[in-house]
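Here is the structure we will look at, set down as structure tokens.
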Amino acid sequence: QVQLVESGGGLVQAGGSLRLSCAVSGRTFRSYAMGWFRQAPGKVREFVAACSWSGSSTMYAESVKGRFTISRDNAKNTVYLQMNSLKPDDTAVYYCAAGLMSVVVVKEVDYWGQGTQVTVSS
């Protein structure tokens, strides 16, 4: 009943920026913690960032601290991931995630988006 749709991915050069968006429908947006995960070919899906239902509490993977910022607009039922100073290692499919409890690890996620490709060239 909950649908998550990501957008905003693309190809950028190292040092560039992208902003990903995730539109949520089907349930009360404020009821869920929201987050972002990413997965590169041959690798496991890894945590990137998360925020509470109010957006007042955030958490980031060590690899993206200081470069990525997660935010949410409950009125628009949308969560964002601003990515700055992108590196080739950031190349992956990025997935939006929603959870009733939290979304720091994969097992906590209740709903997933389809993913959007981010490619960072050297």
Side-chain angles (χ1 to χ4, degrees):
Q1 290 187 302
V2 173
Q3 294 185 330
L4 311 177
V5 181
E6 303 95 334
S7 62
L11 174 64
V12 298
Q13 293 185 332
S17 299
L18 284 174
R19 188 182 73 163
L20 306 183
S21 298
C22 175
V24 184
S25 64
R27 295 279 183 168
T28 302
F29 186 60
R30 288 178 61 88
S31 298
Y32 297 90
M34 300 296 300
W36 291 91
F37 288 73
R38 66 187 183 187
Q39 187 169 22
K43 297 183 179 180
V44 299
R45 190 167 299 188
E46 65 175 355
F47 169 77
V48 175
C51 65
S52 64
W53 67 269
S54 67
S56 61
S57 179
T58 59
M59 182 179 293
Y60 298 92
E62 186 67 28
S63 60
V64 306
K65 285 183 178 179
R67 300 189 298 120
F68 291 9
T69 302
I70 187 171
S71 62
R72 63 191 294 167
D73 186 337
N74 290 340
K76 296 182 180 295
N77 289 350
T78 302
V79 61
Y80 305 94
L81 184 68
Q82 178 66 46
M83 305 185 294
N84 298 325
S85 301
L86 284 163
K87 305 174 181 179
D89 286 348
D90 294 319
T91 296
V93 176
Y94 283 70
Y95 296 90
C96 183
L100 288 172
M101 302 299 290
S102 65
V103 287
V104 177
V105 298
V106 171
K107 66 184 302 182
E108 296 176 331
V109 176
D110 295 308
Y111 303 98
W112 294 98
Q114 297 181 50
T116 184
Q117 178 71 47
V118 172
T119 302
V120 184
S121 62
S122 300

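Because only heavy atoms are used, hydrogens play no part in the values below, and waters and symmetry mates are left out as well, while side chains stay in.
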Quick one: do Leu11 and Val118 end up in the same hydrophobic cluster if we chain Ile, Leu, Val, Met, Phe, Trp and Tyr together by side-chain heavy atoms under 4.5 Å apart?
no
Parallel, tilted or perpendicular: which describes the rings of Trp112 and Tyr95, with under 30° parallel and over 60° perpendicular?
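It falls in the perpendicular class, over 60°.
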Would you please name every residue forming a side-chain hydrogen bond (donor to acceptor under 3.5 Å, both in side chains) with Ser17, sequence neighbours left out?
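For Ser17, the residues satisfying side-chain hydrogen bond (donor to acceptor under 3.5 Å, both in side chains) (neighbours in sequence not counted) are Asn84.
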Considering all heavy atoms of both residues, which atom of [X] and which atom of [Y] are nearest to each other, and what is their separation?
X: Ala49; Y: Leu81; result: CB-CD1, 4.1 Å
X: Leu20; Y: Met83; result: CG-CE, 3.7 Å
X: Val79; Y: Met34; result: CG1-CE, 3.9 Å

If you link ILVMFWY side chains whenever their heavy atoms are less than 4.5 Å apart, which other residues fall into the same cluster as Tyr80? By chain and number, please.
none
For Gln117, I'd like to know if atom CD has over 12 heavy atoms of other residues, nucleotides or ligands within 6.0 Å.
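It does: Gln117 CD has more than 12 such atoms within range.
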Under a 3.5 Å distance rule, please check whether [X] uses its side chain to pair with a backbone N or O of [Y] as donor and acceptor.
X: Arg72; Y: Ser52; answer: yes
X: Thr58; Y: Cys51; answer: no
X: Glu6; Y: Cys96; answer: yes

What's the spacing between Gln82 CD and Leu18 CG if we round to 0.5 Å?
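Going from CD on Gln82 over to CG on Leu18, the span is 8.5 Å.
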Take Arg38 and Glu46 through the test side chain to side chain contact (heavy atoms under 4.5 Å, CB included) and record every step on the way to the result.
CA-CA 5 Å; Arg38 66 187 183 187; Glu46 65 175 355; 2.8 Å; yes
